[in-house]
Amino acid sequence: MRGPTITFPDGTRRDFDHPPTGAEIAAAISRELAERALAVMVDGELRDLSEPITTDATVRIVTPEDPEALPLIRHDAAHVMAEAVQKLYPGTQVTIGPAIENGFYYDFARDEPFTPEDLAKIEQAMAEIVRADKPFVREEVSREEARRRFAALGETYKLEILDSIPEGERITIYRQGDWFDLCRGPHGPSTGRIGAFKLLKVAGAYWRGDPKRPMLQRIYGTAFPTKEELDRYLHQLAEAERRDHRRLGREMDLFHFQEEAAGSAFWHPRGWTLWREIESYMRRRLAAAGYVEVKTPQLIDRSLWERSGHWEKFREHMFTLEFEDRALAIKPMNCPGHVQIFNTRLRSYRELPLRIAEFGSCHRKEPSGALHGLMRVRAFTQDDAHIFCTPDQITAETAAFCALLMSVYRDFGFEQVRIRFADRPAVRAGDDAVWDQAESALWQAVRETGLEVTLNPGEGAFYGPKLEFVLQDAIGRDWQCGTLQVDFVLPERLDASYIGADGGKHRPVMLHRAILGSLERFIGILIEQYAGRLPLWLAPVQVVVATVTNDADSYAREVADLLARQGLRVELDISADKISYKVRQHSLAKVPVIAVVGRREAEERRLVLRRLGEQAQEQLDLETAAARLAGEATPPDLARGGATRPPAAQ
RNA sequence: GCCGGCGUAGCUCAAUUGGCAGAGCAUCCGCCUUGUAAGCGGGGGGUUGAGGGUUCGAGUCCCUCCGCCGGCACCA
């Protein structure tokens, strides 16, 4: 019989006289490829090397360098770990164990917890299985056969997974030696091909992610084709740890947390300086973009939250209190407050779009387990704004917002931004015609930005579609900060209206939008982005003037005064310590510029500048140095010569 | 909220099977007047997260609570 024609990535073809396996194809090309092959891509689908290819196909042999190799060997490692665990801890049930972004995990059902010492033992047992180089054998079985085999082992979770596999789908078991697992595959040729692996942590995880179901024990690990790649990844983890904003926040004396106020930051002078610099910058950008700024109450009566719908939808997240027979809530959001301002008088279409901004201080009942430094807090400040506009202004307002947001992110040093488009959810308010209009207006706007947009289906708010802006930091982590949400519901509920050109009353649309999201979180992200070494314009202390000897004290004072008059944030260090000690202290505190002054500088009226982390020094006369530093420390928007102050109040 | 781990001086960490709570750094005082990432000497500093229990005796063992860390769930 005739076999299939196999086409290779370079376009060459080869005919086979029988359905060849991936392994055979690799062997037909070269012995080296056969030895290095892990799996095979068949018409874009990853398959086992052992599976015969029955039809004409385009085929690529996957080797350890290919991007497909990583998830494959990690999945292999998950199986090896599961075997090791069941060997060491009989009675432990296996559940699921996939490859994930940076490694793999496997969830186990076992009454006793795994300890860190257990992880070491499991690693050793895994190493043995890897050394034994057992082939992964794929077996296609009937549902009944699979049921019988897992029932015999008492693997109730596997039986549940089996039941959830749709009728008609192939059921496969992967075996390594005498251990096997229900698995869709594919897998590498054998356990010996895993390369380098390491178990990282153990954690609880609900079965099927459902808090009402049993808590399983999840062991996380990672695997790479080579030891070097594993070491590089472990080094990266250490790097992330080094950048941790919680550690840097303490070391740089920016903020602290304490038990009595869990989830709320205490901002220290330096941290608050950073905060105010960011706030001032945002204020200028917003004013220049035609926003007005307001401040709305912290405590608002329950009745308003009932009308806005928050009482029904959001009550469990709100802090409430009683006072003089009134039920009050600390605001978790600013939108109802902004509508109150909109509603204070009859609005004309000529006022629209009306952009109302607030650095809104909000509180939410975040579960204790969710708290995480500045990234997840109970008290936070949003750079919030609500744009009241007509439906046909949505596109232009969205486009303008996207442009503003991108420019702001760039100023803070973030270049990589993705947009997720969250469209209509299954349960929603408003009829489909309204949703059609809102979604198409948003789509049109994001297309104009030219940015990458991915669909996040069904994840829109119940009142309208939304855009989520995800930025990527210096070490590749994603952070969702910005958002823009189209809202037809709140204006209705709180009865916002304006008089149109036709003289009739109309309902405005509200665009909820934020760029930084929460100031707290954004500062956390900034600290990690820069590993604490903030750009000069953001640094809480921009320059320290440090003396070599006390003889230079009066000149140092003069220098510090001059720099301060240039608007720089300066500190003076005339302590009796050695200059090398001072340099070390201020370097550890991440001060960007140290100006060293000794006798020579005082006599010549010069300044020697030392940049953070650099050994090189720059010698300048005093006035030149002051002017240069002041120039470098100018916030990016002002450096561009944009609006330097908000327009005069109306 | 759930699972697991952790909680000792401002920070980083010690303290034998339950047996006198310690070191370095920081702080304070003194000396040194210094040239680019730690000069020298001395002093002070603790209800070992909180509360309860076991014990002659608890940082150490047990219980409850709080907080932190890693995940899970949550993130309207």
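Each chain gets a letter, A, B and so on, in the order its sequence line appears, and its residues count up from 1.
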Would you compute the distance between atom CZ of A:Arg243 and atom CD1 of A:Ile525 and round it to the nearest 0.5 angstrom? 13.0 Å

Taking only the C1' atom of each, what is the distance from B:U48 to B:G7 in whole angstrom? 9 Å

Kindly express the pairing pattern of RNA chain B in dot-bracket notation, using | wherever a base pairs with another strand and counting only Watson-Crick or G-U pairs under 3.5 Å. (((((((..((((.....[..))))..((((.......))))......(((((..]....))))))))))))....

Looking across every strand, which nucleic acid part, if any, lies under 4.0 Å from A:Arg610 by heavy atom: base, sugar-phosphate, or nothing? base

Which value, in whole Å, describes the distance between the C1' atoms of nucleotides B:U36 and B:G22? 35 Å

May I have the distance from A:Glu601 (atom CD) to B:G35 (atom C1'), rounded to whole angstrom? 8 Å

Report, one line per pair, each donor and acceptor closer than 3.5 Å where one atom sits in a side chain of residues 454-464 of chain A; sequence neighbours left out.
unit_1, atom_1, unit_2, atom_2, d
A:Asn456, ND2, A:Glu468, OE1, 3.2
A:Tyr463, OH, A:Gln485, OE1, 2.4

Determine the Euclidean distance between corresponding P atoms of B:A9 and B:G46; express it in Å to zero decimal places. 11 Å

Span that lies between the C1' atom of B:U17 and that of B:U27, in whole angstrom: 38 Å

In terms of the nearest nucleotide of RNA chain B, which residue is placed more toward the 5' end: A:Asp551 or A:Asp210? A:Asp551

Is there a donor on the side chain of A:Tyr206 or the base of B:G1 sitting less than 3.5 Å from an acceptor on the other? yes

Polar side-chain contact A:Arg376-B:C74 base: donor and acceptor under 3.5 Å: yes

Kindly give the atom pairs (protein nitrogen or oxygen, nucleotide nitrogen or oxygen) under 3.5 Å for nucleotides 23-29 of chain B.
unit_1, atom_1, unit_2, atom_2, d
B:A26, OP1, A:Tyr581, OH, 3.0

Taking the P atom in each of B:G10 and B:G1, what is the distance between them to the nearest angstrom? 27 Å

If the C1' atom of B:G67 is compared with that of B:G51, how far apart are they to the nearest Å? 15 Å

With rounding to the nearest 0.5 Å, note down the distance linking CG in A:Asp432 to CD in A:Glu439. 9.0 Å

C1'-based separation of B:G44 from B:C29 [nearest Å]: 10 Å

Backbone of A:Ala531 reached by a side-chain donor or acceptor of A:Arg242 within 3.5 Å: no

Of the listed nucleotides B:C3, B:G1, B:U34, the one nearest the side chain of A:Pro367: B:G1

